[in-house]
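So the structure is just underneath, and the comments pick up after that.
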Amino acid sequence: QVQLVESGGGLVQPGGSLSLSCAASGSIFRINDMAWYRRAPGRRRELVATVTSDGSTRYADSVKGRLTISRDNAKNTVFLQMNNLKPENTAVYYCNAGIVASSTTRDMEYWGKGTQVTVSA
């Protein structure tokens, strides 16, 4: 069984930085795209950033230049470095990955349970 577990959330002041990580564990043959989503209070979940297995990245326009997604394929882990945080970045951040469990199964989408990020003075 595959699990995604996020860590690194917390309370940070405006202008501060925070680093999130998400580790995949369990029966894993291959991990395809990995991504971070977020859900702010009263809003729908939105895509923040994605990274492919070869390291290509894509970002939501609202976070370009302040957030950086990366991954360590050897550790089945994806990271999100967040700089110059603003109160509007307050949200629950979710990890997402397309994972193939074995050579005979297809890509399936998995989600972490989320980690709270609060930006406040």
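Since this is a predicted model, take the numbers as computed values, not measurements. All heavy atoms count here, side chains included; hydrogens, waters and symmetry mates do not.
No side-chain donor from either of Thr52 and Asp33 sits under 3.5 Å from a side-chain acceptor of the other. Side-chain N/O atoms of Tyr37 and Arg45 include no donor and acceptor closer than 3.5 Å. Side-chain N/O atoms of Asn76 and Arg71 include no donor and acceptor closer than 3.5 Å. Checking Thr90 against Thr118 by side-chain atom types alone, no donor-acceptor pair falls below 3.5 Å. In the model, Ser102 has a side-chain atom that pairs as donor or acceptor with a side-chain atom of Thr104 under 3.5 Å.
A salt bridge does not link Arg39 with Glu46: none of the charged nitrogens is closer than 4.0 Å to a carboxylate oxygen.
From Leu67, atom CG reaches atom CE of Met82 across 6.0 Å, with rounding to the nearest 0.5 Å. Note: Asn96 CG to Trp111 CH2 = 4.0 Å, rounded to the nearest 0.5 Å. To the nearest 0.5 Å, atoms CG (Leu4) and NZ (Lys113) are separated by 11.5 Å. To the nearest 0.5 Å, the span separating OG on Ser103 from CZ on Arg30 amounts to 10.0 Å. Expressed to the nearest 0.5 Å, how far CG of Asn84 lies from OG of Ser17 amounts to 8.0 Å. Rounded to the nearest 0.5 Å, atoms OG1 (Thr77) and CG (Asp72) are 6.0 Å apart.
There is a path of hydrophobic side-chain contacts, each under 4.5 Å, that joins Tyr110 to Ile28. Tyr94 and Ile31 fall into different hydrophobic clusters, where Ile, Leu, Val, Met, Phe, Trp and Tyr side chains are chained together by heavy-atom contacts under 4.5 Å. The cluster map of Ile, Leu, Val, Met, Phe, Trp and Tyr, joined by side-chain heavy atoms under 4.5 Å apart, puts Trp36 and Val2 in the same cluster. Following chains of ILVMFWY side-chain contacts shorter than 4.5 Å, one can reach Tyr93 starting from Tyr59, so the two form part of one hydrophobic cluster. Cluster membership for Met108 and Ile99, using ILVMFWY side-chain heavy atoms within less than 4.5 angstrom, is shared.
Side-chain contact between Val119 and Gln13: absent, with no pair of heavy atoms (C-beta onward) separated by less than 4.5 Å.
Put simply, the side chain of Ser27 gets close to the backbone of Ala101: a donor and an acceptor are under 3.5 Å apart.
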